[in-house]
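Down below is the structure, laid out as structure tokens.
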Amino acid sequence: MSYNEDNNSGKILLAVLAGASAGIVAGLLMAPDKGSATRGNLKNYAGKYGDQFGEQLTKLGQQFDTSFKGVVEKLEELGVTGAGSSLNMKGDWNTTKGKLKQQYGQLTDEDLTYTEGQGDELVGRLQEKLGKGKREIVRMLNEL
């Protein structure tokens, strides 16, 4: 980039900032309400649209999560990633825990402690206790 291009970019940025500032000042001077009423209106609109934005962001996050899980399942079905490469806990954990205790008598409640988001720790404990590989443990848990 040459000096002239840098200088022109600076001038454009300065013009944009000056225009925005002039617009803000003109808006405040020509506002039909008192300053406190205008600020209150702006605050209400910001709160309303902020709530709507938050709801939309939450919905988008849920859609993304669902889509991502679907893609992982498809990859596992196609054999791109090995089956059981991701832990997908579904259903009641107490029921699953009971099935595991029936199947593997050596497992204790402490071994089967599961907290949302800490699946790796559970898998590690089961690997140690059962002497199986991570994929095998994950596949077993997903099937239960």
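As a basis for the values below, the full set of heavy atoms in this structure was taken, side chains included, without hydrogen atoms, waters or symmetry mates.
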Measure the OG1-CG distance between T95 and L100 for me, rounded to the nearest 0.5 Å. 11.0 Å
What's the spacing between I137 CD1 and E128 CD if we round to 0.5 Å? 11.0 Å
If I compare all heavy atoms of Q127 with all of K134, which pair ends up nearest, and what's the gap? NE2-N, 3.3 Å
Approximate separation, where rounding is to 0.5 Å, of E121 CD and L126 CG: 12.0 Å
Pair up each side-chain donor or acceptor in residues 101-110 with any protein partner under 3.5 Å, not counting sequence neighbours, and list the distances.
| unit_1 | atom_1 | unit_2 | atom_2 | d |
| --- | --- | --- | --- | --- |
| K101 | NZ | D109 | OD1 | 2.3 |
| Y104 | OH | K132 | NZ | 2.7 |
| T108 | OG1 | E110 | N | 3.4 |
| T108 | OG1 | D111 | N | 3.2 |
| T108 | OG1 | D111 | OD2 | 3.1 |

Without placing hydrogens or testing angles, list every side-chain donor-acceptor pair under 3.5 Å for residues 54-63, not counting sequence neighbours.
| unit_1 | atom_1 | unit_2 | atom_2 | d |
| --- | --- | --- | --- | --- |
| T58 | OG1 | G54 | O | 2.9 |

Taking only residues two or more places apart in sequence, or in another chain, which ones meet D51 in a salt bridge (Lys or Arg N to Asp or Glu O under 4.0 Å)? none
